[in-house]
Amino acid sequence: MAKLTRERALWMYETMIRIRRFEERAIEVFQAGELPGFIHPYIGEEAVAAGVCAHLSGKDQITSTHRGHGHMIAKGLGFNGMMAELYARSTGYCKGKGGSLHIADQDLGALGASGIVGGGIPIAAGAALGIKLKGGKEVAVSFFGDGATNIGAFHEGINLAAAWRLPAVFVCENNRYAQSTPQSVHQSIRDIADRAKAYGIPGVIVDGMDAAAVYEVAGEAIGRARGGGGPTLIEAKTFRFWGHYLGDPGTAYGHDREAPKWKKRDPIPALGGLLRKRKWLTAKADEEILARVKGELDAAVEFARKSPPPEPADLMADIYEKAL
Amino acid sequence: MREIMFREALVEALDEEMRRDENVFVLGEDIGQFGGSFKATLGLLEKHGPERIRNTPIAEEAIVGAALGAALVGMRPVAELHFIDFATVAMNQIVNQVAKVRYMFGGKARTSLVIRMHGGGGSSAAAQHSQSLEAWFVHVPGLKVVMPSTPKDAKGLLKSAIRDNDPVIFVEHRALYTVKGPVPEGEYTIPLGAAEVKREGSDATIVATSSMVGKSLQAAEELAKEGISCEVVDPRTLFPLDKETILASVRKTGRLLIAHEAVRRCGWGAEMAAIAGEEAFDYLDAPLVRVCAKETPVPYSPRLERLHIPQKEDVAAGVRRLVGVAR
């Protein structure tokens, strides 16, 4: 079992704050009318991305979703490139062609965020296959929501990874709603981890509001995958504090009634409390983290605002390796 | 030159590319011990083993998704989907993922994968195992689409497709698998985006794809006896398209017939016709003619299927109409 060290715990804490603050800033500038498109906030689910990615190196691979900012930050993508992408600038990770839904950096093992629900699951299986064929020790992790567990790609992708014993980990962020449809309406099971049995792989439930708990189960699953033991399905029970996207108040489907209860279990102060209890975090260090993240974010927004939009000629670039 | 079958040419291409580059591997349904539904992977399992010749579940979205994921981390997968009809099950991966990741993610993603499938009718396989859906893929920016008509082209084009760094949809016509033709012994490739004039002529240009190339050559032979000289051009890749070779022929003959086995409406021929209208309008001496399948699902009855699929007689009749010879 992976013992939670001070270093990893502090990394998770700072990563969760980075995700939270990045999104709060993105929401602020979105509401000020500075961003095109739309945003699906991850706020509330930070413990999952942090607890899983705490075990990953740059060469490990992830696939992500429409609610992907948290995964990308936890995987090591920087604020400048992410903010610039939200601003649709040429300096963004996708040169302004992907936006909030599609942030990626293959150099950092972030294979990409798919806006098609479940679309990343078979791709992660494939990345794990590539790793296996190359004889590597890396793993591929796929993040997806409870809504994705009803689509064919979930079944096909996990079945393939299980049949071939690939170094993959499937992380379901069960935030209780497939867009607006409650889990009790969209499937007849309570625990998505039960579905693992159908593929002959371990299925684990974890409290997605508890970073230390996520860290522990993710460590076990990732260790097993690296060691040739095949995939695991992790179900993290979690909650998004915002609606499905910015502008959805969550009032149409009961989200607003559930939110206060979950907000009391905010994963960031919860981990902060644990850190202080273990004397791993002083008030001063906490302030330093907040100040550092704020400084970086101020700089990132400034960077994005000053960056140029793509040139008209960029419209036709990168469709193929060479222009045709 | 030696003569081998279309499917044997494909096996040779896969075998040679797997020897040449350890990142090349093949995945698909029944491609292992079974050797592929139409034996287009026969013997590869024995040579390359189960790690590189991977038999998959019947799960087309997983096959294409896994191929893409493997490509993203540096492999060169060749995915086989059986029938082109089954590609519809994998369209999310093909259209939303494979075709998009390079552009959508800013140009860094590695997308060196080939997706093979066989299409076309003529064997009473009915409506779900006989379609010609190649135009669906041509419509999607980010994909290349290859459709060979001879064993030599099949081998040379598949080798190029495997080495290409863009995703390639490789459509094989089932009726061609056992057709024999001359194939050079040594190493060669045929570039994507290069059409070939299969027969020279001066009165009319027939642009034909896949199985219609052979039928058009037969029609041209018949027509020659009537004093009509046809030039038959095979684009070989539907995208990127070698417009130069095709339009040079159209400018020379002044008459264009387009022949393909897909249904007419919004078929690839509609695109070809539009290109001719835009770029060779002044050279056309007669309205162009399209010879395509009837706009029906593919029927099971051999009698009906023969009516559905364009035949060499339809090509010949179309050319006569084109050159103003009524019969």
Side-chain angles (χ1 to χ4, degrees), chain A residues 59 61 63 85 90 92-99 101-107 109-116 118-134 136 138 140 142 151-153 155-161 163-164 166 168 317-322 324, chain B residues 22-25 27 50-52 54-77 79 89-90 92-93 95-113 140-144 164-167 192-193 239-241:
Chain A
K59 285 184 169 181
Q61 309 287 333
T63 67
E85 189 58 35
S90 61
Y93 271 111
C94 309
K95 301 180 188 169
K97 286 173 169 175
L101 272 183
H102 302 302
I103 295 177
D105 186 354
Q106 289 81 21
D107 293 342
L111 294 181
S114 170
I116 308 294
I121 298 172
I123 297 172
L129 171 61
I131 289 164
K132 189 181 180 202
L133 288 172
K134 283 172 175 285
E138 301 87 48
S142 186
I151 204 164
H155 168 68
E156 291 195 18
I158 298 181
N159 179 65
L160 189 82
W164 290 351
L166 300 177
D318 294 327
I319 307 168
Y320 297 94
E321 185 187 31
K322 299 182 188 106
L324 295 171
Chain B
E22 62 179 16
N23 290 324
V24 177
F25 73 100
L27 72 169
E51 284 293 303
R52 296 180 73 196
R54 303 190 76 92
N55 235 11
T56 64
I58 299 175
E60 285 81 10
E61 176 154 18
I63 294 169
V64 177
L68 174 59
L72 288 171
V73 299
M75 302 298 289
R76 289 189 177 275
V89 182
N92 171 44
Q93 289 296 330
V95 175
N96 292 324
Q97 315 292 348
V98 168
K100 302 293 192 284
V101 293
R102 181 187 291 280
Y103 191 84
M104 183 168 83
F105 295 151
K108 261 198 279 190
R110 289 183 287 193
T111 53
S112 50
L113 67 150
V140 180
L143 301 177
K144 293 177 175 174
D164 203 272
N165 288 334
D166 292 311
L192 307 188
F239 191 87
L241 182 66

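Each chain gets a letter, A, B and so on, in the order the sequences are listed, and its residues count up from 1. Computed from heavy atoms alone, side chains included, the values below leave out hydrogens, waters and symmetry copies.
Of the listed residues (A/Leu133, A/Ile103, A/Leu111), the greatest number of heavy-atom pairs within a distance under 4.5 Å of chain B belongs to A/Leu133. Between chain B and the options A/Gly120, A/Gly98, A/Gly119, A/Gly118, heavy-atom pairs under 4.5 Å are most frequent for A/Gly119. The residue among A/Gly99, A/Gly130, A/Ala127 with the most heavy atom pairs within less than 4.5 Å of chain B is A/Ala127. When each of A/Leu129, A/Leu160, A/Thr63 is scored by its heavy-atom pairs under 4.5 Å with chain B, the top score falls to A/Leu129. Options B/Pro167, B/Gly107, B/Gly142 differ in how many heavy-atom pairs under 4.5 Å they form with chain A, and the most are formed by B/Gly142. Comparing A/Ala113, A/Gly136, A/Ala161 by heavy-atom pairs within less than 4.5 Å of chain B, the highest count is held by A/Ala113. Put simply, of B/Asn92, B/Leu68, B/Val101, the one with the most heavy-atom pairs under 4.5 Å next to chain A is B/Asn92. Most heavy-atom pairs under 4.5 Å with chain B, from the set A/Ile158, A/Ile123, A/Leu101, A/Ile121: that is A/Ile123.
Contacts between B/Glu61 and chain A at a heavy-atom distance below 4.5 Å involve backbone atoms as well as side-chain atoms. Neither the backbone nor the side chain of B/Glu22 has a heavy atom closer than 4.5 Å to any heavy atom of chain A. Contacts of B/Lys100 with chain A are absent, with no heavy-atom separation under 4.5 Å from either backbone or side chain. Contact of B/Val140 with chain A is made through the backbone alone, with heavy-atom distances under 4.5 Å. Of the two parts of A/Ala140, neither the backbone nor the side chain holds a non-hydrogen atom closer than 4.5 Å to a non-hydrogen atom of chain B. Both the backbone and the side chain of A/Ala153 come within contact range of chain B, judged by heavy atoms closer than 4.5 Å. Using a 4.5 Å cut-off between heavy atoms, B/Leu27 contacts chain A through its side chain alone, with no backbone atom that close. Contacts of A/Ile319 with chain B are made by both backbone and side-chain atoms, with heavy-atom separations under 4.5 Å.
Here the closest non-hydrogen pair linking A/Cys94 and B/Met104 is CB-O, 3.2 Å. Scanning both residues, B/Leu143 and A/Tyr320, for their nearest heavy atoms gives O-OH, 2.5 Å.
With sequence neighbours excluded, the residues that form a side-chain contact (heavy atoms from CB on, under 4.5 Å) with B/Ala59 are A/Glu156, B/Pro57, B/Ala62. In this view, A/Lys132 and A/Leu166, A/Pro167, B/Glu51, B/Arg54 satisfy the side-chain contact (heavy atoms from CB on, under 4.5 Å) rule, not counting sequence neighbours.
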Check your understanding: Can A/Trp164 and B/Thr56 be said to form a side chain to side chain contact (heavy atoms under 4.5 Å, CB included), step by step?
Key -> CA-CA 9 Å; A/Trp164 290 351; B/Thr56 64; 3.7 Å; yes
Check your understanding: Taking it one step at a time, do B/Asn165 and A/Lys322 satisfy side chain to side chain contact (heavy atoms under 4.5 Å, CB included)?
Key -> CA-CA 9 Å; B/Asn165 288 334; A/Lys322 299 182 188 106; over 6 Å; no
Practice item. Start with the C-alpha gap between A/Lys134 and B/Asn23, add the side-chain angles, then the distance that decides, and say whether side chain to side chain contact (heavy atoms under 4.5 Å, CB included) holds. Key: CA-CA 8 Å; A/Lys134 283 172 175 285; B/Asn23 290 324; 3.5 Å; yes
Point to revise | Residue pair A/Gln61, B/Leu72: steps toward the side chain to side chain contact (heavy atoms under 4.5 Å, CB included) verdict | key: CA-CA 10 Å; A/Gln61 309 287 333; B/Leu72 288 171; over 6 Å; no
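Once rounded to the nearest 0.5 Å, the distance linking NZ of B/Lys108 with CG of A/Asp107 reads 3.5 Å.
Counted within 6.0 Å of CD1 on B/Ile58, heavy atoms from surrounding residues, nucleotides or ligands total 12 or fewer; the atom is thus considered open.
No donor-acceptor pair closer than 3.5 Å links the side chain of A/Asp318 to the backbone N or O of B/Arg102.
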